[in-house]
Amino acid sequence: MPPSPALLRERVCTWFADAARDLPWRAPDRTPWGVLVSEVMLQQTPVVRVEPVWREWMDRWPRPADLAAAATADVLRAWGRLGYPRRALRLQDCARAITDLHDGEVPQGFDELLALPGVGAYTAGAVTAFAFGRRAVVLDTNVRRVLARALDGDALPHPHQTVGEVRRAEAVVPGDDAEAAGWAAASMELGALVCTARSPRCGECPVADLCVWRLAGFPADEHAARRRTQAWAGTDRQCRGRVMAALRAADGPVPREAIGWPDAAQLDRALAALVEDHLAEQTAEGYVLPR
DNA sequence: CAAGCGTGGCA
DNA sequence: TTGCCAAGCTT
């Protein structure tokens, strides 16, 4: 029998009151824009790498209109090595949409948030809960894992999020706005700090005695064999990363030959794709970050 | 809708 | 060492 949602919530939220990390986008003086920036930066990127970049961004571009007016090359350089630099482009597009369509204020409606560039279901829910303190389903990789273990007895959630999973997660969210926002933050934090993917710290877990996965003796992941592994060495993705690093580091145009990638055809494909993605521009002297 | 998209740290 | 994983989104 899985634990009742009410008991699960109470335990996790009580634990969170004491265990919550002191992150800058949780500070009392945070803005909705700061929360949105943090959520985009945190997509597939660990907190420790995001924090210094977030601080620099918020000092430099404290409002959406500031980022909207920035040079894209500066934005991409400030993004640094967070990875997935197209997120930086979308964040600037997002700032421009907020400036042009919402009077420079982050919209509070879920559908309006969802319509912003780079904002999907998770991020729209996270901003709703964390920036505006309103009820939302916030189902990220941490919460998915917590629910899979505590309620379903599975080691890990399914490789792809299902409709049924969202419905189940929705059923666990309290009705009250403040309580729902608290549950979102607390359940994510539990997944990030205790109920981790690799080696969970069940000794520190507030719901260890209720967890179906633990009570079942930690059965292994059924989908382990089907999870695709990320190839890396020699991939287009690595090549793109190498190009972007070279463009960020350069003051002027970078000749194609100066990038230092062994496979010329692959380099050309990557360059063309980066230009197509508006992450680079070609000039007579070489490639540059977009203005 | 499955695939593509960066990067670095850790078990 | 190397595969796995990290607050996903877009097409």
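Throughout, protein chains are lettered first and strands after them, A, B, ... in sequence-line order, and every chain is numbered starting at 1.
The two residues Pro219(A) and Gly153(A) come nearest to each other via the heavy atoms CG-O, 3.6 Å.
The line from CG of Leu91(A) to CZ of Arg96(A) is 11.0 Å long, rounded to the nearest 0.5 Å.
Nucleotides dC9(C) and dG9(B), compared at atom P, are 25 Å apart to the nearest Å. Taking atom C1' on both nucleotides, dT11(C) is separated from dC1(B) by 9 Å, rounded to a whole Å. On the C1' atoms, dA6(C) is 12 Å away from dG6(B), given to the nearest whole Å. Separating the P atom of dA7(C) from that of dA3(B) is a span of 23 Å, rounded to the nearest Å. Straight-line distance between the C1' atoms of dT10(C) and dG8(B): roughly 24 Å, to the nearest whole Å.
Within residues 171-198 of chain A, the residues approached by DNA chain C to less than 4.0 Å at the level of any non-hydrogen atom are Met188(A), Ala192(A), Ala197(A), Arg198(A), in residue-number order. A heavy atom lying under 4.0 Å from DNA chain C marks none of the residues of residues 67-76 of chain A.
Phosphate contact (OP1/OP2 of dG6(B), side-chain N/O of Arg49(A), threshold under 4.0 Å): absent.
Residues that satisfy the salt bridge (Lys or Arg N to Asp or Glu O under 4.0 Å) test with Asp177(A), not counting sequence neighbours, are absent from this structure. Not counting sequence neighbours, the partners of Glu56(A) by the salt bridge (Lys or Arg N to Asp or Glu O under 4.0 Å) test are Arg60(A). Annotation: salt bridge (Lys or Arg N to Asp or Glu O under 4.0 Å) contacts of Asp277(A) (sequence neighbours excluded): Arg86(A), Arg240(A). Residues satisfying the side chain to side chain donor-acceptor pair (under 3.5 Å) criterion with Arg144(A), sequence neighbours excluded, are Glu165(A).
Spacing between atom CZ of Arg145(A) and atom P of dC4(C) amounts to 16 Å, rounded to whole angstrom units. Arg144(A) has its CZ atom 14 Å from the C1' atom of dA6(C), to the nearest Å. Rounded to whole Å, atom C1' of dC5(B) lies 10 Å from atom CD of Gln44(A). Note: CH2 (Trp54(A)) to C1' (dA7(C)) measures 15 Å, nearest angstrom. Between Leu274(A) atom CG and dG6(B) atom P the separation is 7 Å, expressed in whole Å. The interatomic distance linking Asp140(A) (CG) with dA7(C) (P) rounds to 6 Å, in whole Å. Atom pair Met41(A):CE and dA6(C):P shows a separation of 21 Å (rounding to whole Å applied). Per the geometry, CZ belonging to Arg269(A) stands 15 Å off C1' belonging to dC5(B), to the nearest Å.
With hydrogens and angles disregarded, a donor-acceptor distance shorter than 3.5 Å links the side chain of Asp140(A) to the backbone of Asn142(A).
When heavy atoms are screened at a 4.0 angstrom cut-off, Leu279(A) is found touching no nucleic acid atom at all. Arg21(A) comes within 4.0 angstrom of a nucleotide base, judged by non-hydrogen atoms across all strands. Here Trp79(A) lies out of heavy-atom contact (under 4.0 Å) with every strand. Here Arg248(A) lies in heavy-atom contact (under 4.0 Å) with sugar-phosphate atoms only.
Sorted by first and then second residue, the pairs that involve residues 183-212 of chain A and meet salt bridge (charged side-chain N to carboxylate O under 4.0 Å, His left out), not counting sequence neighbours, are Arg11(A)-Asp209(A), Arg21(A)-Glu189(A), Arg26(A)-Glu189(A). Every pair tested for salt bridge (charged side-chain N to carboxylate O under 4.0 Å, His left out) that includes a residue from residues 280-291 of chain A fails, sequence neighbours excluded, so the list is empty.
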Contacts under 3.5 angstrom, residues 70-78 of chain A side chains, donor-acceptor by atom type, not counting sequence neighbours:
| residue | atom | partner | partner atom | Å |
| --- | --- | --- | --- | --- |
| Thr72(A) | OG1 | Gln92(A) | OE1 | 2.8 |
| Arg77(A) | NE | Arg248(A) | O | 2.9 |
| Arg77(A) | NH2 | Ala250(A) | O | 2.8 |

Show me the donor-acceptor pairs within less than 3.5 Å that the side chains of residues 112-129 of chain A make with the rest of the protein, sequence neighbours left out.
| residue | atom | partner | partner atom | Å |
| --- | --- | --- | --- | --- |
| Tyr122(A) | OH | Glu39(A) | OE1 | 2.6 |
| Thr123(A) | OG1 | Gln43(A) | NE2 | 3.0 |
| Thr128(A) | OG1 | Ala124(A) | O | 2.7 |

Just the table, please: protein N/O against nucleotides 9-11 of chain C N/O, every pair under 3.5 Å.
| residue | atom | partner | partner atom | Å |
| --- | --- | --- | --- | --- |
| dC9(C) | OP1 | Gly120(A) | N | 2.8 |
| dC9(C) | OP1 | Gly120(A) | O | 3.4 |
| dC9(C) | OP1 | Thr123(A) | N | 3.0 |
| dC9(C) | OP1 | Thr123(A) | OG1 | 2.8 |
| dT10(C) | OP1 | Gly118(A) | N | 2.8 |

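Cluster partners of Phe218(A) are Trp213(A), counting Ile, Leu, Val, Met, Phe, Trp and Tyr whose side-chain heavy atoms approach within less than 4.5 Å, directly or via other members.
Contact annotation: side chain of Thr45(A) to base of dG6(B), donor-acceptor pair present below 3.5 Å.
When distances run from any side-chain atom of Arg81(A) to the nucleotides dA7(C), dT7(B), dA2(B), the shortest one goes to dT7(B).
For Trp61(A) and Trp33(A), the ring centers are positioned 6.0 Å apart or more.
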